[in-house]
Each structure stands twice: as structure tokens, then as C-alpha cells.
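Take a look at the structure set out below.
Computed from heavy atoms alone, side chains included, the values below leave out hydrogens, waters and symmetry copies. Every chain is numbered from 1, with letters handed out A, B, ... down the list of sequences.
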Amino acid sequence: MVNLNAAIIVALLLFGIGTLGFLVRRNAIVVFMSVELMLNAVNLLLVTFSRIRVDLDGQVMAFFVMAVAAAEAAVGLAIIIAVFRKMRNIDLDKASLLRS
Amino acid sequence: MISFLFYVFSALALASAVMVVTRKNPVSSALFLVMTFFCLAGIYVLMDAFFLAVVQVAVYAGAIMVLFLFVIMMLNLSPDELPAFMNRKIKWAAAALAIVLTGSLLFLDVSRRLPASPGGELSGEVGALGELIFGKFLLPFELTAVLLLMAIVAAVIMARREL
């Protein structure tokens with residue numbers, strides 16, 4: 001039997017690590033990976049809650065989160081490629097074309 | 001045994017998540033991310049969410065990670081070409097912010113505020129989930145199909161040579 005309270009704490013820590021990466025990294029691709037980490041933490045939390053409540057709805061929700069994550073990854077990586085074509089790098093500090 | 005495996009998978013998942021965030025080379029970040037996804041799939045199996053574990057491996061560790069690695073290798077940036085972290089001041093401020101956020105989430109102690117579990121067995125097999133997805137959640141499921149179509153069109157347009 002899995003300790004569900006421990007699972008909640010693991011999910012929160014995973015979300016925190018994702019937040020940290022999102023804020024600290026400069027490489028756009030790694031920032032994107034941090035977002036995936038956060039989405040995975042939420043999925044783990046949904047599965048845990050579904051287990052606590054003995055209700056499959058949470059798992060269906062996690063399934064939809066995965067579908068949205070797939071769509072988001074495709075569009076986001078296409079944006080990164082477009083930014084790279086324009087600026088020849090993917091440094092988030094240098095992506096300031098909208099500022100001028 | 002299940003409890004022991006859960007702690008092993010959790011520790012591995014957290015350790016490789018830290019590695020994802022701290023590695024300078026994006027390829028090693030991506031490979032540690034695969035490790036995290038596999039460990040989470042293992043945790044799903046331990047929680048009897050079998051279908052989700054399979055989808056986790058197929059969609060995340062399969063499709064999304066291939067996409068990531070493909071883009072990393074297509075852009076072909078050398079690790080020293082790109083500063084890995086924000087400059088020092090922003091880095092520590094951001095780290096403090098993330099730690100405060102996580103600490104307050106942990107301090108909330110979600111498990112204490114949950115309604116009591118009704119108890120009983122739950123099995124996330126394909127059949128049970130399929131009946132829900134094609135019954136109660138049919139409309140969201142169809143909308144997901146539209147969303148994926150939109151994502152395909154958007155990705156093709158964004159990645160074209162001239163924008």
C-alpha cells in the first residue's frame with residue numbers, strides 16, 4: 001500500500017523543483033522541460049487524489065493533462081525554432097524584440 | 001514491498017528532477033527528464049493507475065522527449081554558447097521565491113484538509129477508464145482532438161522558414 005501523504009509531498013516537491021528550473025534557467029528548452037516537470041507533478045497529485053477519493057475521474061483528468069501537454073510541447077518547440085531562426089540563439093534574456 | 005518501491009521511485013524521480021534543473025548541457029537534462037518520467041510511471045503502477053502508466057511512457061517518455069531531443073540536436077548549440085543560468089542576483093531571488101512557494105505549499109499540509117477517504121479498491125485499467133472517457137467525458141475528449149489538430153497546424157505554421 002502506497003503512503004498517499006508521502007505521494008502528495010513528493011508531488012509538491014516535484015512542482016517546486018519545476019518552478020525553480022523555470023525561474024532560474026536561461027536556456028529556453030530547459031525552461032520548457034521545467035514546465036513539463038510541473039505538469040507531471042500535477043498529474044501525480046491528480047492520481048493520488050483519485051486514489052484517496054476512490055474515484056477514476058482524477059485519472060481521466062490526468063489523461064487530458066497529458067494530451068494538452070503534448071499539444072503544448074509541439075507548439076512551444078515550434079516557437080523556439082522560430083525564435084532561433086530570427087535571433088540565432090535561444091537565450092531568454094536576449095529575446096526582447098517586443099520591447100523596442 | 002510496494003511501499004519500499006514507492007520510496008525508491010520517489011527518491012529517483014526527485015533526484016533526476018534536480019539533475020534536469022542543474023545540468024548545463026540540455027541533452028543530459030533531457031535524459032534525466034526521461035528518468036523522471038519513467039519513475040513517475042512506476043509510481044502510477046504502484047497506485048493501480050495502469051493505463052496512465054502506459055500513456056506516461058508512450059506519450060511523455062516516447063513522443064514528447066523525442067520532440068525535445070530532436071529540437072536540441074537540430075539547433076545544435078554547444079553548451080558554452082549559451083549561459084545556463086540567470087545572472088547571480090536574479091538567480092538567488094528566483095531560487096528564494098521557488099523555495100518559499102514550495103515551503104508554503106508543504107506548510108499548508110494538504111493531506112490534513114482532505115475529506116476522509118471512503119476506502120475501497122480502485123483499478124485504473126483501460127476498460128474502466130475507457131468507459132468514463134467515452135461516456136461521461138465524451139465532449140472534452142472530442143475537444144482534445146480539435147485541440148491537437150490546432151496544435152499541429154500551429155506548429156507547422158510557426159516552424160515554416162519565413163514567418
Side-chain angles (χ1 to χ4, degrees), chain A residues 1-10 12-21 23-27 29-30 32-34 36-37 40 43-44 47-48 50-54 56-57 59-60 62-64 66-71 73-75 77-82 84-85 89-91 93, chain B residues 2-3 6 10 13-14 17-18 20-21 26 29-30 33 36-37 40 43-44 46-47 49 52 55 59-60 63-64 67-68 71-72 75 82-86 91 94-95 97-98 101-102 105-106 110-111 114 117-118 120 122 124 128-129 132-133 137 140 144 147-148 151 154-155 158-159 163:
Chain A
M1 187 71 192
V2 174
N3 183 350
L4 295 173
N5 292 344
I8 292 176
I9 289 172
V10 169
L12 290 181
L13 285 175
L14 209 55
F15 191 86
I17 295 169
T19 320
L20 184 71
L23 292 172
V24 165
R25 293 305 296 253
R26 247 167 115 169
N27 186 332
I29 293 177
V30 181
F32 230 76
M33 289 180 196
S34 306
E36 299 293 337
L37 270 183
N40 268 279
N43 270 349
L44 178 56
V47 173
T48 311
S50 130
R51 184 63 196 260
I52 291 174
R53 304 233 10 220
V54 195
L56 276 178
D57 286 9
Q59 293 188 17
V60 176
F63 173 74
F64 285 130
M66 282 179 187
V68 173
V75 175
L77 289 170
I79 290 174
I80 289 177
I81 291 174
F84 180 77
R85 287 233 171 87
N89 70 37
I90 49 169
D91 186 344
D93 266 13
Chain B
I2 284 177
S3 170
F6 168 74
S10 307
L14 287 174
V18 169
V20 171
V21 171
S29 285
L33 195 57
T36 313
F37 289 161
L40 282 175
I43 294 178
Y44 291 162
L46 296 180
M47 288 188 178
L52 270 189
V55 174
V59 173
Y60 267 117
I64 293 182
L67 207 59
F68 268 102
V71 170
I72 291 170
L75 300 185
L82 191 70
F85 299 99
M86 292 287 183
K91 183 165 86 176
L97 188 67
L101 179 72
T102 315
L105 279 176
L106 287 174
V110 182
S111 54
L114 288 175
S117 168
L122 180 71
L129 268 169
L132 269 178
I133 289 173
F137 293 98
T144 310
L147 175 78
L148 286 171
M158 290 297 300
L163 199 61

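Heavy-atom pairs under 4.5 Å with chain A peak, among V59(B), I133(B), L101(B), at I133(B). Interface check for chain A: of the options A63(B), A154(B), S29(B), the most heavy-atom pairs under 4.5 Å are formed by S29(B). If you tally non-hydrogen atom pairs under 4.5 Å between each of V75(A), T19(A), V30(A), L37(A) and chain B, the highest count goes to L37(A). For the set I8(A), I29(A), I9(A), N3(A), the count of heavy-atom pairs under 4.5 angstrom toward chain B peaks at I29(A). Your options are L46(B), V71(B), L52(B), V20(B), and the one with the most heavy-atom pairs under 4.5 Å with chain A is L52(B). Chain B forms the most heavy-atom pairs under 4.5 Å with one residue out of I80(A), I17(A), I81(A), and that residue is I17(A). In terms of non-hydrogen atom pairs under 4.5 Å with chain A, the most contact-rich of L75(B), I72(B), T144(B) is L75(B). When the candidates V68(A), N5(A), L4(A) are compared by the number of heavy-atom contacts under 4.5 Å with chain B, N5(A) comes out ahead. Heavy-atom pairs under 4.5 Å with chain A were tallied for L67(B), L97(B), T36(B); the largest tally goes to L67(B). Of all the listed residues (L132(B), L147(B), L148(B)), the one sharing the greatest number of non-hydrogen pairs under 4.5 Å with chain A is L132(B). Interface remark: of the candidates V24(A), N27(A), N43(A), V24(A) forms the most heavy-atom pairs closer than 4.5 Å to chain B.
The heavy-atom pair separating L44(A) from Y44(B) by the smallest distance is N-OH, 3.5 Å. Between M158(B) and A82(A), the shortest heavy-atom distance links the atoms O-CB, 3.6 Å. Smallest separation of non-hydrogen atoms from L12(A) and T102(B): O-CG2, 3.8 Å. When all heavy atoms are compared, the tightest approach of V60(A) to L129(B) is CG2-CD2, 3.4 Å. When every heavy atom of A159(B) is checked against every heavy atom of R85(A), the shortest pair comes out as O-NH1, 3.1 Å. Between L56(A) and A128(B), the closest heavy-atom pair is CD1-CB, 3.5 Å.
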Report the C-alpha separation of L122(B) and Q59(A) in whole Å, then their side-chain angles, then the decisive distance to 0.1 Å, and conclude whether the side-chain contact (heavy atoms from CB on, under 4.5 Å) test is met. CA-CA 11 Å; L122(B) 180 71; Q59(A) 293 188 17; 4.1 Å; yes

Mind running side-chain contact (heavy atoms from CB on, under 4.5 Å) on F64(A) and F137(B) for me, showing each step along the way? CA-CA 10 Å; F64(A) 285 130; F137(B) 293 98; 4.0 Å; yes

How far apart are the C-alpha atoms of L40(B) and L14(A), what are their side-chain angles, what is the distance that settles it, and do they pass the side-chain contact (heavy atoms from CB on, under 4.5 Å) test? CA-CA 11 Å; L40(B) 282 175; L14(A) 209 55; 4.0 Å; yes

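Listed for the R25(A) side chain is a donor-acceptor partner under 3.5 Å among the backbone atoms of V21(B).
Using a 4.5 Å cut-off between heavy atoms, L105(B) touches chain A through backbone and side chain atoms alike. For a residue to count as touching a neighbouring chain, one of its non-hydrogen atoms must lie under 4.5 Å from one of that chain's; by this rule L106(B) touches chain A with backbone and side chain alike. Contacts of F68(B) with chain A are made by both backbone and side-chain atoms, with heavy-atom separations under 4.5 Å.
The CD atom of E36(A) lies 5.0 Å from the CD1 atom of I64(B); values are rounded to the nearest 0.5 Å. Of the inter-residue distances, the one linking I43(B) atom CD1 with T48(A) atom OG1 reads 8.5 Å to the nearest 0.5 angstrom.
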